[in-house]
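Below you'll find the structure, written out as structure tokens, and then a few comments.
Bear in mind that the values here come from a model prediction, so they are computed numbers and not experimental data. Because only heavy atoms are used, hydrogens play no part in the values below, and waters and symmetry mates are left out as well, while side chains stay in.
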Amino acid sequence: MERLEELAAAHRPEQLVLLERLMDALTACDAVTHLMVRGSLASGTADRLSDLDLVVAVHDGQLPQLVDHLDPLLGTQFGALLPGWRDTIVGQLGGTGRVYLLPHAGHLLQLDLYVCPTSTAQAVQQRSGARVLWQSGHTPEIAEAERAQASLALEHLASAAPDCTALIVQAVVLHAMLRKRLRRGQTYIAFGLQHHLVETCRDLIRTALAPHSRHHGWYHLAEVGHTAAGRACLRELHDAVRQPAASTLKQADRALERILRIAQNVAPTQLAALSGELAAYRAYQEQEDER
């Protein structure tokens, strides 16, 4: 805990209050061997909008089980607004990333939680520039079979195609990230996130209407246009790709609403299951706009 206290003494953004709670919850798990912080919190440059970037190293043989327990843990103990989004933006560091939106002090904080096997913890630290906050006093020996188990689990997580629910969650998380970058005037990052939102729009259409398609990306999208619903979705997608880069919060909001309209048409059951979370998310964004 001394390193956390040292970090707090130098610069104490409000995210550290949440970080302390996360440390208490995660270090209570015997499978966790290291906790590291990276990004602006590690460098002392965090502001009110900064993400909370945490790296969690887990004993190789227990990595799949811990990843499965992240959503229940973050939901019950920290009130995560939505299930974790599998982060496809972060680089390949040797683990798997999840992004959560956590209510804190009247607004939403973004938690970027990167989980890696203990066998790659040192490499992840070097690649990410993370600072070690806590390390178990006893790191168990890692058998080759456990290393292989962790590697297979990470490959499975990386290759699993998202379903409609995951894509709706992805759209909301990307929208939150886009709004933050627009508030900061970070034009290039905002452009990349908007492009990712358009891809989410496309993927939701294809996943709902052509789930067994052999095609990916932007090829052969006409295959979803054989029904009235499909043609309506393609018109929405056509409008999305023709929009200029989002430069205002209202434009970002319209991009999300377009995806939710599509979801209402092609995945109404999945959208309805998230209705409470979406209402809460909108309420937080309205509060943020009034600040």
(request) Among Leu35, Asp53, Leu133, find the one that has a side chain to side chain contact (heavy atoms under 4.5 Å, CB included) with Leu19. (result)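 The residue from Leu35, Asp53, Leu133 that satisfies side chain to side chain contact (heavy atoms under 4.5 Å, CB included) with Leu19 turns out to be Leu133.
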(message) Please identify which of these residues, Gln285, Arg282, Arg179, meets the side-chain hydrogen bond (donor to acceptor under 3.5 Å, both in side chains) condition with Asp253.
(response)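 Answer to the side-chain hydrogen bond (donor to acceptor under 3.5 Å, both in side chains) test with Asp253 among Gln285, Arg282, Arg179: Arg179.
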Quick check: do [X] and [Y] have side-chain heavy atoms less than 4.5 Å from each other?
{"X": "Arg98", "Y": "Leu157", "value": "yes"}
{"X": "Arg214", "Y": "Glu223", "value": "no"}
{"X": "Leu237", "Y": "Ile205", "value": "yes"}
{"X": "Pro103", "Y": "Leu108", "value": "yes"}
{"X": "Leu66", "Y": "Cys29", "value": "yes"}
{"X": "Met23", "Y": "Glu20", "value": "no"}
{"X": "Ile89", "Y": "Met177", "value": "yes"}
{"X": "Gln170", "Y": "Leu82", "value": "no"}

Same apolar cluster (I L V M F W Y, side chains within < 4.5 Å links), [X]/[Y]:
{"X": "Leu197", "Y": "Leu167", "value": "yes"}
{"X": "Leu70", "Y": "Leu22", "value": "yes"}
{"X": "Leu81", "Y": "Ile259", "value": "yes"}
{"X": "Val32", "Y": "Leu154", "value": "yes"}
{"X": "Leu271", "Y": "Val169", "value": "yes"}

Any sub-3.5 Å donor-acceptor pair from [X]'s side-chain atoms to [Y]'s backbone N or O?
{"X": "Glu146", "Y": "Gln62", "result": "no"}
{"X": "Asp60", "Y": "Ala148", "result": "no"}
{"X": "Thr118", "Y": "Thr33", "result": "no"}
{"X": "Arg258", "Y": "Cys201", "result": "no"}
{"X": "Asp87", "Y": "Val99", "result": "no"}
{"X": "Tyr114", "Y": "Gly95", "result": "yes"}
{"X": "Thr200", "Y": "His196", "result": "yes"}

(message) Working note: Gln125 + Val55, criterion side-chain contact (heavy atoms from CB on, under 4.5 Å); need CA distance, chi angles, decisive distance, verdict.
(response) CA-CA 8 Å; Gln125 180 185 5; Val55 179; over 6 Å; no
(request) Could you please spell out the steps behind the side-chain hydrogen bond (donor to acceptor under 3.5 Å, both in side chains) verdict for Ser247 and Gln251? (result) CA-CA 7 Å; Ser247 58; Gln251 288 174 324; 3.1 Å; yes
Should we count [atom1] of [X] as having more than 12 external heavy atoms under 6.0 Å?
{"X": "Asp68", "atom1": "CG", "result": "yes"}
{"X": "His69", "atom1": "NE2", "result": "no"}
{"X": "Phe191", "atom1": "CZ", "result": "no"}
{"X": "Gln122", "atom1": "CD", "result": "no"}

(message) Under the criterion side-chain contact (heavy atoms from CB on, under 4.5 Å), I'd like the reasoning laid out for Arg183 against Leu249: C-alpha separation, chi angles, the key distance, then a yes or no.
(response) CA-CA 8 Å; Arg183 287 182 180 278; Leu249 297 179; 3.7 Å; yes
